[in-house]
S.K.: 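Pasting in a structure now, in structure tokens, and then I'll have a few things to ask.
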2 protein chains.
Amino acid sequence: MVTAEKSTEQIRRDTILQAGVEVFLEYGYVSASVDEIVRRAGGSKRTVYKYFGNKEELFAAIIGSLATQMLSPLGAAFDGDSNLQETLEKLGKVYLDVLLREDSLAIFRTVVSEGVRFPELAKTFFLNGPNAAVTRLSSYLGQQVKSGSLKLGDTHAAARQYFGMIRSDLHMRAALGLDLPTEDEINTEVNRAVAMFVREYSIK
Amino acid sequence: MVTAEKSTEQIRRDTILQAGVEVFLEYGYVSASVDEIVRRAGGSKRTVYKYFGNKEELFAAIIGSLATQMLSPLGAAFDGDSNLQETLEKLGKVYLDVLLREDSLAIFRTVVSEGVRFPELAKTFFLNGPNAAVTRLSSYLGQQVKSGSLKLGDTHAAARQYFGMIRSDLHMRAALGLDLPTEDEINTEVNRAVAMFVREYSIK
DNA sequence: ATGCTAGGGTACGGGGCAGTACCGCGATTA
DNA sequence: TAATCGCGGTACTGCCCCGTACCCTAGCAT
């Protein structure tokens, strides 16, 4: 029978992945134990090792899927009937909301600390995560340039610069576990960045 | 005898600290072993535990001292006889040079991954490290405002914004172990940030 | 109903590490 | 020179964890 219905094997695999997400993000790669994952997922270690081979592969499978789904809410910012300023504002707020969520921070912490040991994984995370936002904005800026409402040479560099301003030190503070900005602080930060960006690049 | 000369105890303590720096930054807190530190420092575990009590305290002592000395080269940027633009450029380059050094990245990775477990340590790192640069620039900007060459309300926010632009995604990429920017890329990034900052806030 | 296979539960082997105990040597002091 | 103290070297204890092996049950096919 060929249907879209998940096989029991797929279900078991997903259950393990979900438990793995929890445990790896809570403890980090080194301190996470496969036994704990099994405890939360149910089943036995045998099954885990059947599906994923070893701890490293399980970890890689988890981070790969997480990075992709993390920044998926960003598409909403490009709704078509907003002007440049509104789009940038919306984009900045959504970006910060996503990046400052506790699970995003946990992914970031884990990938940063294990990036040297798992280079392929760090690359996947960056490309599907933070850099996906840059690519998206860059292409939007390209449209604006063509339509004559923006004047700038390197759209990719401008996009990186924009997100740099947006992150400010908010992301670093949050990643270090120091504090999370309030809604007001986020708005202030975004407005400040948008104002600067628009004044610099828009055609008056 | 009371002199500035280091006692043998002080020397042993420093040797252990130095070896601890190497090992903790190379392996991260969890994977670092006290045995390895002893191997590199010479001496015995007994001595380590006499001076530092346990692994956590040794780690804390190391990170605390590292953060402070990390950004000490920043003072050179404020040499007095440079104008705003030159000062910002110099500051940005020195800041990136420091932040992108392999040992700075190693500290960052370690503190990010252990910040939740050691909140006090993360705070120390941030205040003596990245935030010290912000404070320094903020006070410089305050002078410029008073002397009438700058127009901006919140110098601290502006300083955070400036360093956000400077870091762009260069620091994140490097922290993830992806790539280090070339000298040219750094210059381009800094020049772009300075141009934008000056255009926004300086009095024409 | 009976045989079989996949997977849950658990125990185990090999290895590593934090922190402690012990022995012996070398230096310091009287 | 003799006694003492402190430190280096090392072994040891208790603990944890990865990956594998083994038993046993439950569901499926014949």
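Just so it is clear: chains get the letters A, B, ... in the order the sequence lines come, proteins before strands, and each one is counted from 1.
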S.K.: Got a salt bridge between A:Arg160 and B:Glu189, using NZ or NE/NH1/NH2 to carboxylate O under 4.0 Å?
M.R.: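 Counted as a salt bridge, because a side-chain N and a carboxylate O are separated by less than 4.0 Å.
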S.K.: Using a heavy-atom cut-off of 4.0 Å across all strands, would you classify B:Ala32 as base, sugar-phosphate, or nothing?
M.R.: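 The residue B:Ala32 makes sugar-phosphate contact but no base contact.
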S.K.: List every contact pair, protein side and nucleotides 4-10 of chain D side both N or O, where the distance is under 3.5 Å.
M.R.:
residue : atom : partner : partner atom : Å
D:dC7   : OP1  : B:Lys50 : NZ           : 3.4
D:dC7   : OP2  : B:Lys50 : NZ           : 3.1
D:dG8   : OP2  : B:Thr47 : OG1          : 2.3
D:dG9   : OP2  : B:Gly43 : N            : 3.3
D:dG9   : OP2  : B:Gly43 : O            : 3.3

S.K.: Counting C-beta onward and ignoring hydrogens, is there a side-chain heavy-atom pair between B:Val194 and B:Leu84 closer than 4.5 Å?
M.R.: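 Counting from C-beta outward, B:Val194 and B:Leu84 never come under 4.5 Å.
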S.K.: Got a sec: does the NZ of A:Lys93 have more than 12 other heavy atoms crowding it under 6.0 Å?
M.R.: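 Enclosed: over 12 neighbouring heavy atoms sit under 6.0 Å from NZ of A:Lys93.
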S.K.: Give a yes or no on whether a salt bridge exists between A:Glu26 and A:Arg40, defined as a side-chain N under 4.0 angstrom from a carboxylate O.
M.R.: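 Yes, charged N to carboxylate O under 4.0 Å.
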S.K.: Which nucleotide span of DNA chain C, 5' end to 3' end, has atoms closer than 4.0 Å to non-hydrogen atoms of chain B?
M.R.: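 Contact boundaries, 5' end first: C:dC17 to C:dA21.
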S.K.: Inspect the contact between B:Lys45 and B:Glu36 and indicate whether a charged nitrogen and a carboxylate oxygen are less than 4.0 angstrom apart.
M.R.: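 Between B:Lys45 and B:Glu36 there is no salt bridge, as every charged N stays at least 4.0 Å from the carboxylate O atoms.
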S.K.: Could you state the OH-C1' distance from A:Tyr27 to D:dC17, rounded to the nearest angstrom?
M.R.: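 It is 14 Å, rounded to the nearest whole Å.
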S.K.: Does B:Glu86 come within less than 4.0 Å of B:Lys90, counting only side-chain N to carboxylate O?
M.R.: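 The answer is no: the pair does not qualify as a salt bridge.
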S.K.: Validate the cation-pi geometry between A:Lys55 and A:Tyr29: distance from NZ or CZ to the six-membered ring centre under 6.0 Å, angle to the ring axis within 45°.
M.R.: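 Ring-cation test returns yes.
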S.K.: Indicate whether the side chain of A:Thr87 and that of A:Ser82 have a donor and an acceptor atom separated by less than 3.5 Å.
M.R.: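 On atom types as modelled, these side chains do not qualify, holding no pair under 3.5 Å.
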